[in-house]
Each structure stands twice: as C-alpha cells, then as structure tokens.
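Since the structure comes first, as structure tokens, the remarks are kept for the end.
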Amino acid sequence: PLGGLSSSSSSTQWIVVIDNGGGYIRAGLASDVRPVITEPNCVAVPAGSSGKRRGSNPEDTNFLFGEEVRSTPSYALHRASKRGVVLDFELQGLLWTRLLAERLEVPLR
C-alpha cells in the first residue's frame with residue numbers, strides 16, 4: 001500500500017486524509033508528507049446511459065473514476081459536487097470507497 005504501512009498487520013491504524021475538492025480529490029495517509037493521490041473528483045459513464053444510480057457496491061465497475069476519466073471521450077462525466085458543495089452524497093461516498101480500496105489499498109470493513 002501507499003504510505004509505507006503494512007496491510008498484513010491487523011493492529012495497523014489507518015488514518016486517512018482526504019481533501020475533497022470540487023475539481024480534484026487529494027488523499028493520502030496521515031504519515032505521508034503530501035497527498036499521494038491527486039485525481040479528478042468525478043466519474044465517467046458510457047455515453048447514452050443515464051448514469052443515475054451506479055449502485056452502492058464498490059465492486060461495481062459500471063463507471064470509471066479518477067485518472068481513468070481523462071482518456072474516455074465516449075463517456076459522459078458526472079460530478080458529485082457543484083461549486084464546492086456536495087450534491088450527490090451517494091456518488092461521493094462511492095468515489096471515496098473506491099479511492100480507499102483501489103488507490104490507497106486501505107482495508108474496508
């Protein structure tokens with residue numbers, strides 16, 4: 001995992017710091033000097049799909065997020081916030097879950 005902590009130890013405390021910006025989300029562990037993740041704070045869904053409910057399962061791969069959205073011209077972008085205010089908490093929570101599990105490799109309960 002990023003940040004130098006071993007995920008094999010059951011006693012490891014994961015202190016995660018997230019800067020949930022309107023354009024970019026920055027994240028890392030409290031032990032990191034600076035954020036180890038800086039990615040667009042949005043998702044991309046196939047063009048033509050409603051993109052409404054993506055499901056609450058973090059394993060759901062029906063959308064792309066983070067840096068993946070930059071190279072997908074046939075996808076439509078969706079943001080959870082507008083002008084710095086979170087409007088879609090379900091989407092933002094799903095982004096955080098995927099960010100923690102896939103990018104920071106933090107074990108989720």
Side-chain angles (χ1 to χ4, degrees):
L2 300 172
L5 294 178
S6 170
S7 61
S8 62
S9 171
S10 61
S11 64
T12 300
Q13 286 190 332
W14 297 84
I15 302 172
V16 178
V17 179
I18 298 176
D19 177 2
N20 194 65
Y24 286 87
I25 189 165
R26 288 170 292 283
L29 300 177
S31 60
D32 297 329
V33 175
R34 61 181 47 101
V36 294
I37 303 292
T38 300
E39 296 191 354
N41 192 4
C42 60
V43 299
V45 296
S49 74
S50 68
K52 285 296 178 195
R53 289 301 90 172
R54 290 142 301 264
S56 58
N57 182 356
E59 304 296 319
D60 181 4
T61 57
N62 192 24
F63 68 91
L64 304 174
F65 80 107
E67 289 298 324
E68 300 167 340
V69 304
R70 292 183 185 267
S71 61
T72 54
S74 62
Y75 279 60
L77 293 179
H78 295 274
R79 295 191 180 274
S81 62
K82 184 174 184 178
R83 296 185 178 173
V85 178
V86 177
L87 301 174
D88 187 340
F89 286 96
E90 182 179 351
L91 175 58
Q92 193 65 68
L94 189 55
L95 281 167
W96 290 337
T97 300
R98 299 257 317 253
L99 176 86
L100 292 171
E102 295 176 18
R103 300 299 199 267
L104 291 176
E105 299 177 12
V106 172
L108 303 177
R109 296 180 194 198

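Every heavy atom of this structure was used, including side-chain atoms; hydrogens, water molecules and symmetry mates were not. Quantities reported herein were computed from a predicted structural model and do not represent experimental measurements.
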Spatial distance of atom CG (Leu91) from atom CZ (Phe65) [nearest 0.5 Å]: 11.5 Å
Heavy-atom nearest pair, Ile18 first then Ala27, reads CG1-CB, 4.1 Å
Heavy-atom closest pair, residues Gly22 and Ser81: CA-OG, 3.7 Å
Can you measure from CZ (Arg98) to CG (Leu64) and round to the nearest 0.5 angstrom? 8.0 Å
Mind checking the CZ-CZ spacing from Arg26 to Arg34? Nearest 0.5 Å is all I need. 13.5 Å
Close side-chain approach of His78 to Cys42, heavy-atom, < 4.5 Å: no
Where do Leu104 and Val36 land on the side chain to side chain contact (heavy atoms under 4.5 Å, CB included) test, with the steps shown first? CA-CA 8 Å; Leu104 291 176; Val36 294; 3.7 Å; yes
Using the rule given for side chain to side chain contact (heavy atoms under 4.5 Å, CB included), can you reason through Glu39 versus Leu95, listing the C-alpha separation, both sets of side-chain angles and the distance that settles it, and then say yes or no? CA-CA 11 Å; Glu39 296 191 354; Leu95 281 167; over 6 Å; no
Kindly indicate, with the supporting measurements, whether the criterion side chain to side chain contact (heavy atoms under 4.5 Å, CB included) is fulfilled by Val17 and Leu29. CA-CA 6 Å; Val17 179; Leu29 300 177; over 6 Å; no
With hydrophobic residues grouped by side-chain heavy-atom distances under 4.5 Å, do Leu99 and Trp14 end up in a single group? yes
Side-chain heavy atoms under 4.5 angstrom apart, residues restricted to Ile, Leu, Val, Met, Phe, Trp, Tyr: same cluster for Tyr24 and Val69? no
Can you tell me how far the CD atom of Glu102 sits from the CG atom of Leu108, to the nearest 0.5 Å? 10.0 Å
Donor-acceptor contact present, side-chain Asn41 to main-chain Gly21, <3.5 Å: yes
Supply the atom-to-atom distance Ile25 CD1 to Gln92 CD, rounded to the nearest 0.5 angstrom. 5.5 Å
Distance check, rounded to the nearest 0.5 Å: Thr38 atom OG1 versus Arg103 atom CZ? 12.0 Å
